[in-house]
Amino acid sequence: MKIATWNVNSLKVRLPHLLQWLEANPVDVLCLQETKLTDDKFPVAEINSAGYQVAYTGQKTYNGVAILSKHPIRDVVKNNPRFEDAQQRIIAATIEGVRVVCAYIPNGQAVDSDKYVYKLAWLKALHEWLAAEMREHPQLALLGDYNIAPEDRDVHDPAEWEGKIHFSDKEKAAMAALVDLGMVDAFRMFEQPEKQYSWWDYRMMAFRRNRGLRIDHILLSTELARRCTACIIDREPRKWEQPSDHTPVVATLD
DNA sequence: ATGGCCCGTATGACGGGA
């Protein structure tokens, strides 16, 4: 079973990319972030035609998340029941016995901004909800755009990013707290090439220069991590015409 | 080099992203 995550930065623009990627990478489960579509505009028919069922929750202009699956999708929950939030950033479902939580964690914009305060409060509420969710579902995966680079090796230039948004101590601590619930960063379970990132700025030829951040992650509960045999970042779609600024992350489970 | 690009929006400028 393969599970994956991809921030598509507008599903309207990126639907052809999504279908092309799924054709070459027929994963069992794919979590999407930043669909930027109200539910009435979600491309259900196109996704069904590609062989996937789908659950989604969106809004106009911003945010929006979805879970695509080749298998039945059960017990869908939209948003964190412990956190009142107008922004559509979470969708969870049970697929083949695995609790799949798809999250678009807030960007935060700048350290100490209102959006940063919201990001940290949002992460605290996520932690509280996941603690309960993990007790109920020992096989749980948290996939998504975390907007946090956990370690120096996840940043092209740690000195340049030190203390900045995505790489501040409080954000790193919030991600470490999620790990402390009993989760493992699937990507770091395995030996990886150096300088692997999941996002590159559209500006400054950042992709060509590999000036990126690893901010899209798959955390696996201990029980699920035992089944994990591989985890990779697929840079290919970042090379395509009109790409998303993020690229997919894929984990393989036995 | 404190900017650059991309997306959506009752658009022709701006907020947000990261």
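Residue numbers begin at 1 in each chain, while the letters A, B, ... track the order of the sequences.
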In chain order, what residues pass the ring pair (Phe, Tyr, Trp, His ring centres under 6.0 Å) check against [X], with sequence neighbours excluded?
X      : result
A:F167 : none
A:W21  : A:W6
A:Y116 : none
A:Y52  : none

Would you indicate what [X] reaches in the nucleic acid, counting non-hydrogen atoms under 4.0 angstrom: base, sugar-phosphate, or nothing?
X      : answer
A:D216 : nothing
A:K60  : sugar-phosphate
A:R211 : nothing
A:N107 : base
A:N7   : sugar-phosphate

* Structure fact -> Closest to the 5' end of DNA chain B, once A:Y104 and A:T61 are matched to their nearest nucleotides, is A:T61
If I pick the [atom1] atom on [M] and the same atom on [N], what distance separates them, to the nearest angstrom?
N      : M      : atom1 : result
B:dA10 : B:dG15 : C1'   : 16 Å
B:dC7  : B:dT2  : P     : 25 Å
B:dA1  : B:dT11 : C1'   : 31 Å
B:dC14 : B:dA18 : P     : 22 Å

* Nucleotide interval of DNA chain B bounded by contacts with chain A (heavy-atom cut-off, under 4.0 Å) -> B:dG4 to B:dA18
Hey, can you tell me if [X] and [Y] have their rings parallel, tilted or perpendicular (30° and 60° cut-offs)?
X      : Y      : answer
A:H156 : A:Y197 : perpendicular
A:W199 : A:H246 : tilted
A:W200 : A:F207 : perpendicular

* With salt bridge (charged side-chain N to carboxylate O under 4.0 Å, His left out) as the test, would you mind laying out the steps for A:K164 and A:E171 before giving the verdict? => CA-CA 10 Å; A:K164 301 268 175 57; A:E171 293 167 274; over 6 Å; no
* Is it true that A:D154 and A:R188 have a side-chain N and a carboxylate O under 4.0 angstrom from each other? -> yes
* Mind running a 4.0 Å heavy-atom check of residues 194-205 of chain A against DNA chain B and sending the residues that fall below it, in number order? =>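 Hits under 4.0 Å, by residue number: A:W199, A:Y202, A:R203, A:M204.
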